Undergrad: 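The following block contains the structure, expressed as structure tokens.
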Amino acid sequence: MKKSDFNLEHQNHHIESKIIASLERIAQAFRILLWQESVTYALTPIQIQLLIFIHYHQIEKCKVSYLANEFNLSKATISDTIKLLEQKQLIQKIFDQNDSRSYTIKLTKKGKEIALKTSFFSEEISKPIEQLHSEDKQNMLLGLLDIIRHLNSSGVITLQRMCYTCTYYKSSHNGKQHYCNLLQQKLAIEDLRIDCPEHQQLT
């Protein structure tokens with residue numbers, strides 16, 4: 001009978017379960033750090049995440065339907081969040097001239113300022129990672145990419161813009177050589193991307 005990764009008797013004898021428990025602790029840290037920012041700026045965590053996303057991504061990705069897929073939320077939830085951000089004068093809607101129901105979302109000056117400041121919420125998580133040896137960083141990245149790819153292929157998380165899910169990406173049979181057909185060049189491990197603006201989803 002399979003045992004839970006959170007069963008301590010099982011966990012303490014299986015490194016896989018220890019890794020999962022560690023990832024859960026890190027996820028908890030992300031939530032805590034986001035809540036701290038939300039208190040400072042009187043925003044909810046998802047409002048902060050939306051502001052940060054809009055600030056760093058192309059305008060065509062800043063639509064309700066895309067954001068709903070990005071954050072695995074309903075369109076209604078995203079629309080309500082956008083409405084509140086608009087009321088706080090942090091975003092503005094840019095309506096499509098050919099379709100009055102369609103719009104993209106743009107940050108106001110105040111919205112950009114808050115997005116930039118809050119985008120450093122993960123700084124305390126970055127510090128220990130920066131201290132790792134370069135080979136340990138590479139192995140960590142490869143392991144996390146594999147986990148994200150599995151979660152994406154199994155439908156747990158939807159939209160991904162990582163190299164592994166891109167039509168331009170190729171790898172050797174053993175998975176140790178990486179190549180981008182768009183850039184026409186080999187990719188070192190540290191060149192592999194989690195979020196690529198030129199990403200084209202595999203079909």
Side-chain angles (χ1 to χ4, degrees), residues 2-38 40 45 48-49 51-53 55-58 61 70-72 115-202:
K2 183 173 174 59
K3 293 187 178 180
S4 168
D5 292 309
F6 301 98
N7 178 326
L8 295 183
E9 184 178 327
H10 175 78
Q11 183 186 111
N12 290 332
H13 293 88
H14 294 82
I15 189 169
E16 299 87 352
S17 295
K18 291 177 184 177
I19 292 170
I20 289 171
S22 298
L23 290 172
E24 196 274 336
R25 293 286 179 90
I26 293 170
Q28 184 181 32
F30 271 103
R31 291 193 295 272
I32 291 169
L33 292 168
L34 270 172
W35 269 113
Q36 290 174 351
E37 295 294 326
S38 71
T40 301
I48 290 174
Q49 287 177 293
L51 290 176
I52 294 171
F53 183 90
H55 184 61
Y56 288 107
H57 290 83
Q58 305 102 311
K61 291 183 172 66
E70 174 70 22
F71 292 97
N72 291 284
L116 182 59
K117 289 176 182 177
T118 57
S119 69
F120 290 94
F121 80 91
S122 60
E123 199 166 19
E124 287 303 319
I125 298 173
S126 298
K127 288 178 181 178
I129 296 174
E130 290 169 358
Q131 300 304 313
L132 294 174
H133 188 277
S134 60
E135 187 174 342
D136 292 331
K137 291 178 187 177
Q138 291 175 2
N139 289 333
M140 180 181 284
L141 176 60
L142 289 175
L144 292 171
L145 285 170
D146 282 336
I147 292 171
I148 295 169
R149 175 165 55 181
H150 170 78
L151 292 172
N152 178 232
S153 63
S154 63
V156 176
I157 51 177
T158 52
L159 208 56
Q160 293 301 316
R161 293 176 298 278
M162 60 191 288
C163 287
Y164 286 178
T165 63
C166 183
T167 189
Y168 296 125
Y169 171 78
K170 301 294 178 188
S171 67
S172 59
H173 292 299
N174 60 9
K176 292 186 177 180
Q177 304 252 336
H178 312 277
Y179 189 83
C180 177
N181 282 325
L182 179 64
L183 299 176
Q184 293 290 298
Q185 67 181 40
K186 290 182 179 179
L187 301 173
I189 292 173
E190 55 266 30
D191 294 326
L192 294 172
R193 296 181 178 183
I194 293 287
D195 192 341
C196 179
E198 284 83 34
H199 181 272
Q200 292 292 325
Q201 184 68 38
L202 278 169

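Given the structure is predicted, the values throughout are model-derived calculations rather than measurements.
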Undergrad: Would you say the side chain of Leu23 lies within less than 4.5 Å of the side chain of Ile147, judging by non-hydrogen atoms?
TA: yes

Undergrad: Grab the two heavy atoms, one from Ala115 and one from Thr118, that are nearest each other, plus how far apart they are.
TA: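 Looks like O-OG1, 3.3 Å.
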
Undergrad: Could you pull out the closest heavy-atom pair between Leu116 and Ser119, with the gap in Å?
TA: O-OG, 2.7 Å

Undergrad: With the side chain counted from C-beta on, respond yes when Arg193 and Leu187 share a heavy-atom pair under 4.5 Å apart, and no when they do not.
TA: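 With C-beta onward as the side chain, the pair stays apart.
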
Undergrad: Below 30° counts as parallel, above 60° as perpendicular, anything between as tilted: where do the rings of Tyr169 and Tyr164 land?
TA: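 Aromatic pair Tyr169/Tyr164 classed tilted.
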
Undergrad: Working note: Lys127 + Glu124, criterion salt bridge (charged side-chain N to carboxylate O under 4.0 Å, His left out); need CA distance, chi angles, decisive distance, verdict.
TA: CA-CA 5 Å; Lys127 288 178 181 178; Glu124 287 303 319; 2.8 Å; yes

Undergrad: Kindly check if the number of other-residue, nucleotide or ligand heavy atoms within 6.0 Å of CD (Glu9) is above 12?
TA: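 Count not over threshold, so no.
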
Undergrad: Any donor-acceptor pair under 3.5 Å linking the side chain of Gln11 with the backbone of Lys18?
TA: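 Here the side-chain-to-backbone pair does not exist.
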
Undergrad: Calculate, to the nearest 0.5 Å, the distance between atoms OG and CG belonging to Ser153 and Leu202 respectively.
TA: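 Spacing of OG (Ser153) from CG (Leu202) equals 11.5 Å.
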
Undergrad: What I'd like to find out is whether the side chain of Met162 reaches to under 4.5 Å of the side chain of Ile148, using heavy atoms alone.
TA: yes

Undergrad: Report yes if some heavy atom in the side chain of Ile32 is under 4.5 Å from a heavy atom in the side chain of Phe121; otherwise report no.
TA: no

Undergrad: Given side chains that start at C-beta, do those of His13 and Lys3 come closer than 4.5 Å, heavy atoms only?
TA: no

Undergrad: Of all heavy-atom pairs between Ala29 and Ile125, which one has the smallest distance, and what is that distance?
TA: CB-CD1, 4.3 Å

Undergrad: Are Gln58 and Pro197 side-chain neighbours, meaning at least one heavy-atom pair lies under 4.5 Å?
TA: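 They are in side-chain contact.
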
Undergrad: Minimum heavy-atom separation for Ile129 and Lys137, please, with both atom names.
TA: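 Taking Ile129 first and Lys137 second, the nearest heavy atoms are O-CE, 3.1 Å.
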
Undergrad: Where is the tightest heavy-atom contact between Leu34 and Pro45, given as atom of each residue plus distance?
TA: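 Where Leu34 meets Pro45 most closely, the heavy atoms are CB-CB, 4.2 Å.
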
Undergrad: For the CD atom on Glu135, are there more than 12 heavy atoms of other groups (residues, nucleotides or ligands in this structure) within a distance under 6.0 Å?
TA: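 It does not: Glu135 CD has 12 such atoms or fewer within range.
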
Undergrad: Mind checking the NZ-CG spacing from Lys176 to Leu142? Nearest 0.5 Å is all I need.
TA: 10.5 Å

Undergrad: Do Leu141 and Gln138 come close enough that some side-chain heavy atom pair is under 4.5 Å?
TA: no

Undergrad: Within a strict 4.5 Å, meaning less than it, do heavy atoms of the Thr165 and His199 side chains meet?
TA: yes

Undergrad: Has His10 got a side-chain atom pairing as donor or acceptor with Phe6's backbone, closer than 3.5 angstrom?
TA: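 No; judged by distance alone, with no hydrogens or angles, the pair does not exist.
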
Undergrad: How many angstroms lie between atom CG of Asp191 and atom NE2 of His178, to the nearest 0.5 angstrom?
TA: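 Output value for this atom pair is 10.0 Å.
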
Undergrad: Starting at CG of Asn181, measure out to CD of Gln200 and round the result to the nearest 0.5 Å.
TA: 12.5 Å

Undergrad: Any sub-3.5 Å donor-acceptor pair from Asp195's side-chain atoms to Arg161's backbone N or O?
TA: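 No: the side chain of Asp195 does not pair with the backbone of Arg161.
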
Undergrad: About how many Å separate CD of Gln131 and CG of Asp136, when rounded to the nearest 0.5 Å?
TA: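 Taking CG in Asp136 and CD in Gln131, the distance rounds to 12.5 Å.
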
Undergrad: Out of curiosity, Phe53 CZ to Glu70 CD, how far, rounded to the nearest 0.5 Å?
TA: 4.0 Å

